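This report concerns only the one structure given below.
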Amino acid sequence: MVHDLRVGMIGGGQIAKTHVLAYHSLGLLHQITSVRPVLASVAEANESLAMSAAGRLGFESWTEDWKVLTRSDKIELVDIITPTYMHAEQGIDGAEHGKHVLCEKPLATNAADAKRMYEAAKKAGVANMVGFNYRKVPAVTFARKLAQSRSLGKLFQFRASFQEDWAANAEMLLTWRYAKKTAGGGALADLGSHVVDLARFLIGDVKSVCGIQNTFIKERRVSQNSDERKPVDVDDSTIALLKFRGSDVLGRVETCWCAQGRKVFLEFEINGSDGSVYFNLERPNELQVYSSADPKDRLGMRTVLIGPAHPYGEAMVFPAAGTGMGYEDSVGNEIAELVESIENGKMNAEPTFYDGWKASEVLEAIRDSCTREAWVNLNS
Ligand SMILES: NC(=O)c1ccc[n+]([C@@H]2O[C@H](COP(=O)([O-])OP(=O)(O)OC[C@H]3O[C@@H](n4cnc5c(N)ncnc54)[C@H](O)[C@@H]3O)[C@@H](O)[C@H]2O)c1
């Protein structure tokens with residue numbers, strides 16, 4: 001018997017269609033046949049946005065009150081894709097009303113709220129996932145396998161960077177992303193949250209941090225129809241050094257949304273005693289791999305084409321290396337694991353709200369370090 005998993009989505013903005021595509025791909029790409037996601041209802045900020053989101057995304061119904069979804073007996077999974085300052089209230093309400101919750105990153109604007117979300121989901125025993133989808137890019141999962149299986153030897157260094165350039169446009173309006181109250185931070189919260197999560201995923205828990213940050217465009221226009229500008233109180237760029245718990249690995253993370261020419265330039269390199277790996281999201285189907293055991297006349301970074309032999313390979317549309325998985329597939333892989341964990345009753349698909357909370361702690365420590373111009377230790 002096929003189980004209809006009724007999904008209520010809160011927020012139908014730019015990233016919503018990726019989630020919708022993922023629900024549609026579960027049977028076709030991931031061979032999940034015991035459950036059929038049903039796009040039951042979408043909540044938006046007002047009636048006209050909600051109606052338009054339902055039509056555009058293919059939901060059966062719409063509402064302008066998200067609590068209709070978090071409290072409905074007819075919804076099983078709440079998918080939160082709203083500005084970050086709304087995540088905590090919506091996620092906690094969903095969990096307290098017995099809903100499984102998928103919430104976009106960063107989990108909350110601050111670590112205390114992220115912890116409350118984690119605790120609410122744990123108490124309710126519901127499945128909970130934070131949208132750190134880059135963990136689910138096959139090349140990234142494979143890099144982790146190489147690092148953790150000691151194929152690279154003892155790990156020495158982790159260097160990661162996430163650079164984009166859309167915010168270099170000084171005429172971009174002062175949206176929710178440019179305010180601490182609504183976003184929790186700037187480039188560090190938006191892009192840096194992914195990088196910090198990758199640091200935890202690829203290397204381990206962070207012990208202490210030391211950062212610097214800057215805001216290059218200090219004011220932005222408040223609306224299209226006005227020249228009035230108001231101050232931006234979040235970073236355009238942050239660079240931080242990391243030390244990890246229980247290991248000697250030295251880390252560096254960088255993030256900026258004003259880096260002209262960089263589009264989704266999410267890169268990382270791990271260097272170990274016996275080898276290295278390098279990944280760049282602008283070339284998602286490649287992993288650069290170096291082994292010091294290669295013959296001397298053939299030493300060099302080798303381009304491994306990601307394909308059926310790699311993680312998530314069975315979900316490829318066309319089973320040939322290099323034909324590729326795209327951005328949307330990382331979200332598809334994430335949602336497939338979440339739905340499987342609901343179906344098998346384990347509710348343990350990662351990254352969970354615990355990971356969202358731990359990443360928020362690191363982000364907060366980096367911000368604190370930037371303000372104090374000092375190293376900051378994390379407690380746990
Ligand atoms: N994982 C990723 O790669 C990725 C990429 C982009 C965005 N995100 C995250 O997704 C979230 C949303 O980002 P976005 O780019 O889609 O933003 P967006 O501004 O395009 O969309 C947010 C939507 O929420 C709606 N909304 C506002 N108030 C609401 C309310 N009370 N009830 C219901 N809906 C409401 C807005 O009208 C808007 O349509 C953020 O947390 C962001 O960090 C993640």
Side-chain angles (χ1 to χ4, degrees), residues 8-22 41-57 59 61-71 78-91 93-94 101-110 113-114 117 129-137 140 162 164 166-167 172-179 182-198 201 234 255 257 263-266 281 284 326-335 338 351 353 355-356 359-360 363:
M9 186 173 281
I10 310 181
Q14 68 163 341
I15 208 66
K17 66 181 169 198
T18 315
H19 286 232
V20 167
L21 204 56
S41 192
V42 59
E44 254 293 350
N46 59 44
E47 184 180 316
S48 95
L49 285 172
M51 213 186 303
S52 132
R56 181 167 35 85
L57 299 167
F59 280 83
S61 66
W62 55 267
T63 172
E64 52 186 321
D65 177 6
W66 57 263
K67 286 192 176 132
V68 168
L69 304 188
T70 52
R71 297 176 182 197
V78 171
D79 188 344
I80 300 170
I81 323 181
T82 46
T84 310
Y85 72 99
M86 297 180 179
H87 293 180
E89 191 188 358
Q90 293 167 343
D93 203 64
V101 186
L102 169 60
C103 181
E104 267 301 346
K105 48 50 65 177
L107 190 55
T109 55
N110 59 74
D113 277 355
M117 293 175 78
M129 179 178 266
V130 56
F132 287 132
N133 53 300
Y134 295 124
R135 284 184 177 210
K136 310 297 178 182
V137 172
V140 175
F162 200 167
E164 294 188 353
W166 46 271
M172 283 204 76
L173 298 183
L174 190 69
T175 64
W176 65 269
R177 280 192 161 81
Y178 296 109
T182 46
L188 178 64
D190 188 22
L191 307 178
S193 56
H194 280 296
V195 178
V196 161
D197 179 64
L198 288 180
F201 180 62
V234 295
T255 182
W257 56 22
K263 303 304 175 185
V264 279
F265 198 87
L266 169 57
L281 187 64
Y327 171 85
E328 68 275 21
D329 296 296
S330 63
V331 179
N333 296 338
E334 162 191 291
I335 289 182
L338 174 67
F353 282 7
D355 297 295
S360 290
L363 297 175

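Computed from a predicted structure; not experimentally measured. Here, residue 1 is the first one in the sequence, and each next residue gets the next number. Ligands are counted one by one from 1 in listed order, and the atoms in each one are counted from 1 as well.
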Where on [X] is there a heavy atom closer than 4.0 Å to ligand 1, on the side chain, on the backbone, on both, or on neither?
{"X": "Glu334", "value": "neither"}
{"X": "Leu49", "value": "side chain"}
{"X": "Asn133", "value": "side chain"}

Any atoms of ligand 1 less than 4.0 Å from a non-hydrogen atom of [X]? List them with their elements.
{"X": "Thr84", "value": "41 (O)"}
{"X": "Ile10", "value": "33 (C)"}
{"X": "Gly131", "value": "1 (N)"}
{"X": "Ala43", "value": "33 (C), 34 (N)"}
{"X": "His87", "value": "41 (O)"}

Which residue and heavy atom of the protein sit nearest [atom], plus the separation:
{"atom": "atom 39 (O) of ligand 1", "result": "Glu44 OE2, 2.5 Å"}
{"atom": "atom 7 (C) of ligand 1", "result": "Arg177 NH2, 3.6 Å"}
{"atom": "atom 8 (N) of ligand 1", "result": "Glu104 OE1, 4.0 Å"}
{"atom": "atom 3 (O) of ligand 1", "result": "Tyr327 OH, 2.6 Å"}
{"atom": "atom 17 (O) of ligand 1", "result": "Trp176 CZ2, 3.8 Å"}
{"atom": "atom 20 (O) of ligand 1", "result": "Gln14 N, 3.1 Å"}
{"atom": "atom 42 (C) of ligand 1", "result": "Lys105 O, 3.5 Å"}

Heavy-atom pair of closest approach, residues Trp62 and Met51: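 Here Trp62 and Met51 meet closest at NE1-CG, 3.5 Å.
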Min side-chain heavy-atom separation Tyr327-Pro284 under 4.5 Å: no
Met86 heavy atom under 4.0 Å from ligand 1: yes
Heavy-atom gap Phe132 to ligand 1 smaller than 4.0 Å: no
Short question: side chain of [X], backbone of [Y] - any donor-acceptor pair under 3.5 Å?
{"X": "Thr182", "Y": "Trp176", "answer": "yes"}
{"X": "Glu44", "Y": "Gly12", "answer": "yes"}
{"X": "His87", "Y": "Leu107", "answer": "yes"}

Partner of Phe132 by side chain to side chain contact (heavy atoms under 4.5 Å, CB included), out of Glu334, Glu104, Lys105: Lys105
Using heavy-atom distances only, which candidate in [options] approaches [atom] most closely?
{"atom": "atom 40 (C) of ligand 1", "options": "Thr82, Val42, Ile81", "answer": "Thr82"}
{"atom": "atom 24 (O) of ligand 1", "options": "Pro83, Ser193, Gly13", "answer": "Pro83"}
{"atom": "atom 6 (C) of ligand 1", "options": "Thr175, Ile15, Thr109", "answer": "Ile15"}

Carboxylate-amine/guanidinium proximity below 4.0 Å for Lys67 and Asp93: no
Salt-bridge criterion met for Lys136 and Asp329 (N-O under 4.0 Å): no
Distance from [X] atom [atom1] to [Y] atom [atom2], nearest 0.5 Å?
{"X": "Ile80", "Y": "Leu102", "atom1": "CD1", "atom2": "CG", "result": "8.0 Å"}
{"X": "Leu281", "Y": "Phe265", "atom1": "CG", "atom2": "CZ", "result": "10.5 Å"}
{"X": "Ser61", "Y": "Leu69", "atom1": "OG", "atom2": "CG", "result": "7.5 Å"}

Side-chain H-bond candidate by donor/acceptor type, Thr70 with Gln90, under 3.5 Å: no
Min N/O separation Gln90 to ligand 1 under 3.5 Å: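 Looking only at distances, the answer is no, because the N/O contact criterion of under 3.5 Å is not met.
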Ring geometry between Trp257 and Tyr178 (parallel below 30°, tilted from 30 to 60°, perpendicular above 60°): perpendicular
